Amino acid sequence: MLEEVERWLNARSWSAGDRTVRQLLSAKHATGQSVSVVLPALDEEATVGDIVTVIRRELMLRVPLVDEIVVVDSGSSDRTSEVAAAAGARVVHRDTILPRIPAVPGKGEVLWRSLLVTGGDIVCFVDADLREFSADFVSGIVGPLLTDPDVHLVKAMYDRPLGAAPGQGGRVTELMARPLLNLHWPQLAGFVQPLGGEYAARRSLLERLPFPVGYGVELGMLVDALHLVGLDALAQVDVGVRVHRHQDGRALGRMAAAIYRTAQLRLARGHLVRPTLTQFERGADGFEPRTYAVDTEERPPMTEIAEYAARRAA
């Protein structure tokens with residue numbers, strides 16, 4: 001590991017308990033910063049309501065740390081929107097945001113569009129499939145942004161159990177993302193959960209970043225933020241344990257392909273001959289190929305969008 005990264009680990013890695021809620025509220029009032037929490041959601045009626053309830057109860061009603069909770073529904077076929085609204089979130093449907101640009105499937109697409117329907121100086125993203133959710137996931141990663149003006153992006157770090165096995169989650173992280181980062185962007189080798197979906201950042205940074213539309217958004221954002229603001233502006237906070245729904249092996253393969261594509265674009269901005277991934281499933285007549293498109297599209301920095309500029313000027 002680079003000496004620079006070792007120093008960064010000591011200086012920019014914290015625990016959620018290192019800052020009390022009282023300290024965070026004092027910093028929030030002193031700086032006048034507002035906080036938005038965004039949950040990208042697709043068919044998450046089983047979990048989204050509990051997450052919204054905890055954030056609203058602990059960080060809006062008990063202490064006024066969070067200013068708004070927005071659930072962006074990307075086309076759920078279940079009751080995700082109704083459950084989220086009943087729990088107290090403002091629900092916005094992906095396709096109603098910036099309708100002149102047709103939406104494409106993907107998590108990054110939803111996160112990018114969320115900048116147009118939120119107002120916080122600090123934007124905190126939380127995946128909507130978490131179980132046993134704790135408010136530390138929000139207060140922990142927002143904390144450094146409220147208390148340290150030199151920090152611009154904070155990732156959550158945590159244990160990820162796989163079934164009964166502790167620490168065995170994050171398979172795409174270990175097999176794809178971590179090797180890529182260590183080999184090509186060794187300054188980012190200190191991030192425990194580079195692909196984690198829980199992170200917070202200053203709007204002033206997010207609006208200058210391109211957003212890969214799919215699974216590559218977390219890796220792309222981390223790499224681009226490194227180049228834009230430098231390693232010392234990035235940080236991570238330990239929030240304990242993350243329990244969520246796990247993907248099957250084929251879904252993980254598609255995720256890994258999208259992440260590799262995101263890395264490839266940042267390494268060379270070169271031409272990819274075949275942006276597809278073929279996987280195999282056993283059928284009645286043996287193994288059958290299934291070919292999927294790999295996410296290749298990216299959204300430009302939000303500052304380049306006329307509607308966003310108009311909203312900021314209003």
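Predicted, not measured: the structure shown is a model, and the values here were computed from it.
Side chains of Q33 and R202: a donor on one and an acceptor on the other come within 3.5 Å. Using modelled atom types, one finds a donor on one side chain and an acceptor on the other under 3.5 Å when comparing D73 with S81. Residues S36 and R203 have side chains that never bring a donor and an acceptor to within less than 3.5 angstrom of each other. In summary, the side chains of S15 and D238 do not present any donor paired with an acceptor at a separation below 3.5 Å, with no hydrogens or angles considered. Under the 3.5 Å distance criterion, with hydrogens and angles disregarded, no donor-acceptor pair is assigned to the side chains of Y158 and Q193. No side-chain donor from either of T303 and E207 sits under 3.5 Å from a side-chain acceptor of the other.
Closest heavy-atom contact between F191 and A235: CE2-O, 3.5 Å. Taking each heavy atom of V237 and V154 in turn, the nearest pair found is CG2-CG1, 3.8 Å.
Under the rule for a salt bridge (Lys or Arg N to Asp or Glu O under 4.0 Å), the partners of E68 that lie at least two apart in sequence or sit in another chain are R90. Among residues two or more places apart in sequence or in another chain, the side-chain contact (heavy atoms from CB on, under 4.5 Å) test is passed with E304 by P300, P301.
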Hey, mind stepping through W8 and Q236 against side chain to side chain contact (heavy atoms under 4.5 Å, CB included) and telling me if it holds? CA-CA 10 Å; W8 176 85; Q236 59 185 350; 3.6 Å; yes
What do the steps show when you test V38 against V126 for side chain to side chain contact (heavy atoms under 4.5 Å, CB included), and what is the final call? CA-CA 6 Å; V38 173; V126 176; over 6 Å; no
Evaluate the criterion side chain to side chain contact (heavy atoms under 4.5 Å, CB included) for residue pair D43 and S77; output intermediate values, then yes/no. CA-CA 6 Å; D43 294 332; S77 59; 3.3 Å; yes
Enumerate, atom names and distances included, each donor-acceptor pair closer than 3.5 Å involving a side-chain atom of residues 100-109, sequence neighbours excluded.
from	atom 1	to	atom 2	distance (Å)
R100	NE	E307	OE1	3.1
R100	NE	E307	OE2	2.4
R100	NH2	E307	OE1	3.2
K107	NZ	D127	OD1	2.8
K107	NZ	E218	OE2	2.9
E109	OE1	R299	NE	2.7
E109	OE1	R299	NH2	3.4
E109	OE2	V104	N	3.4
E109	OE2	R113	NE	2.8
E109	OE2	R113	NH2	2.8
E109	OE2	R299	NE	3.4
E109	OE2	R299	NH2	2.8

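Partner of L188 under the side chain to side chain contact (heavy atoms under 4.5 Å, CB included) criterion, out of N182, V5, L226: L226 alone.
Taking the charged nitrogens against the carboxylate oxygens, D232 and R7 have no contact shorter than 4.0 Å, which rules out a salt bridge. Using a 4.0 Å cut-off between charged side-chain N and carboxylate O, D67 and K28 make a salt bridge.
When side chains are defined from C-beta on, V66 counts as touching V138, because their heavy atoms get closer than 4.5 Å.
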